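Have a look at the structure below before the remarks.
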Amino acid sequence: MRHSPTRIDLFSDTKTRPSDAMKKAMVEAELGDEQADEDPTTLELCEHVADLLGKEKALFLPSGTMCNQIALAIHCRPGDEIIAEETAHIINFEVGGAAVLANAMIRPVKGTNGLFAVDQLEAALRPAFRHAPKSRLVSVEQTSNLGGGSVWPLEQLKAISGFAHNHQLLVHMDGARLMNAVVASGVSAKAYGAQVDTVWIDLSKGLGCPIGGVLAGSAAFIQEAWQWKQRLGGSMRQSGIIAAAGLYAFKHNVTRLEEDHDNAKFLAHRLADIPGLEIDPARVETNIILLRVTSEKMTAHQMADTLAARGIRIGVMTDRAVRLVTHLDVDRRGVTEAGDAIAEVLTGS
Ligand SMILES: *Cc1c(COP(=O)(O)O)cnc(C)c1O
């Protein structure tokens, strides 16, 4: 099938392009050698994020995946076990990195919308037994990606982290979309950050930057993280040129996430009226929509191909499951057109 250029890209919030104003901030950034702690823009970004999350220190890294992998590698000793929800990014999209770099196992918990409860954590905890791996770390995803952008409520997170810490487990937060959770819930990043030992924020998702993630924790943790960053080849030179995009994003692209959430809810309600789709708009808390294609006329792949020919891109998860993500490069007109196109494609009218 002929593919038109993508005009409305709902595949992921990673598809955002830096705006002209962001690029201007990047070009004008003050630069130095990051490896020697001499890049002033990177240092400013790290200070900003550490402060935002209520942590002693932060470290700029090329990607969110590297933030997760470095944290897991520091927290775990070989043979240790990480407890995470079964849909977690660290289980499904990091090429088994926990096994390769941390030499750790991950025990998946079957939660609800990517979240789990204290009794489930308790059930997943290993007994102190000579034959069992050692439960070392609990990892939570804020928001849960494959859970449909669901937000860990502060109280639930407090309960998880309280239980974990009482049992000598550490708690890590994959905060790829933490700022979406902050904007949707009104709970501060600091309040979420206070519940966990380590946490990071992705710059290249809804914040609209081209590259990067920032990992935060105690000063001792970040000192070790620097060694891992160097070891993995993640140390940079004049990284201020990309860190400047992050500083720009924290100033200009956070409160506007509300628009993405509104657009996602708007689109979800539109899709709920279309026969052949199954979607619960009440489950849309942030910028991610999960839906099922129940139509007998087409699969999710066929639906995606037909939409692609119209310049609209969606994310196909399985033959029946679709993910749509709103972000700053898709406005209300875009989601309206996407909703209309999906209706036409499914009902043939
Ligand atoms: C995108 C994502 C990551 C990885 O971030 P990259 O910057 O793409 O490496 C990790 N966790 C979650 C939940 C994500 O959505």
Side-chain angles (χ1 to χ4, degrees), residues 9-18 45 49 53 58-73 82 84-98 100-102 106 108-109 111 113-116 137-152 157 171-182 184 189 192 196 198-216 225 228-229 232-234 236 239 242-243 245-246 249 253 257 260-261 264 285-290 315 317 323-328:
D9 202 335
L10 296 167
F11 184 89
S12 173
D13 46 9
T14 55
K15 301 297 177 190
T16 56
R17 308 291 168 89
L45 174 66
V49 173
L53 296 168
L59 180 64
F60 187 40
L61 291 165
S63 72
T65 300
M66 201 183 282
C67 292
N68 271 337
Q69 288 305 319
I70 287 180
L72 302 185
I82 299 160
E85 211 276 338
E86 66 178 7
T87 63
H89 199 278
I90 58 167
I91 297 180
N92 297 288
F93 301 112
E94 299 186 11
V95 208
V100 177
L101 299 164
I106 307 183
V109 173
N113 304 334
L115 280 48
F116 51 92
L137 176 73
V138 180
S139 184
V140 296
E141 214 170 273
Q142 181 74 305
T143 65
S144 165
N145 181 341
L146 293 191
S150 47
V151 177
W152 277 89
L157 184 64
V171 185
H172 171 69
M173 176 178 279
D174 171 340
R177 295 186 181 80
L178 174 60
M179 299 319 290
N180 292 84
V182 166
Y192 287 127
V196 300
T198 52
V199 49
W200 62 272
I201 297 176
D202 213 325
L203 303 178
S204 67
K205 302 272 166 82
L207 293 180
C209 302
I211 303 165
V214 187
L215 173 65
W228 269 99
K229 175 176 155 102
L232 297 177
M236 295 175 268
S239 58
I242 49 177
N253 289 353
L257 290 170
D260 302 342
H261 301 169
E285 297 177 55
T286 54
N287 67 329
I288 300 177
I289 304 169
L290 297 181
M317 314 298 288
R323 190 188 74 158
L324 306 173
V325 187
T326 57
H327 53 76
L328 81 175

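Scope of the values below: all heavy atoms of this structure, side chains included, with no hydrogens, waters or symmetry mates. Please read all numbers here as calculations on a predicted model, not as lab measurements. Quick note: residue numbers are just sequence positions, from 1. Numbering of ligands and ligand atoms starts at 1, following listing order.
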Query - Closest contact, heavy atoms only, Ala73 versus Trp228 - result: CB-CZ2, 3.4 Å
Query - Shortest non-hydrogen contact between Met179 and Ala189, atoms and distance - result: SD-CB, 4.5 Å
Query raised in the report: Do you see a donor-acceptor pair shorter than 3.5 Å between the side chains of Glu94 and Asn68?
Result: yes
Report summary line: Contact region, Lys205 to ligand 1, non-hydrogen atoms below 4.0 Å, reads side chain
Report task. Nearest heavy atom to atom 10 (C) of ligand 1 wins, so pick from Gln142, His89, Glu141. Result -> His89
**Report entry** Min N/O separation Met66 to ligand 1 under 3.5 Å
**Finding:** no
Report task. Nearest heavy atom to atom 5 (O) of ligand 1 wins, so pick from Ile90, Thr143, Asp174, Asp202. Result -> Asp202
Requested in this report: For atom 9 (O) of ligand 1, state which one of Thr87, Thr65, Asn92, Asn145 supplies the nearest heavy atom.
Outcome: Thr65
Query raised in the report: What about Arg177: any of its N or O atoms under 3.5 Å from an N or O on ligand 1?
Result: yes
Report task. Would you check if there is a donor-acceptor pair between the side chains of His172 and Thr198 at a distance under 3.5 Å? Result -> yes
Report task. Determine the minimum heavy-atom distance between Thr326 and His261, stating which atoms define it. Result -> OG1-N, 4.5 Å
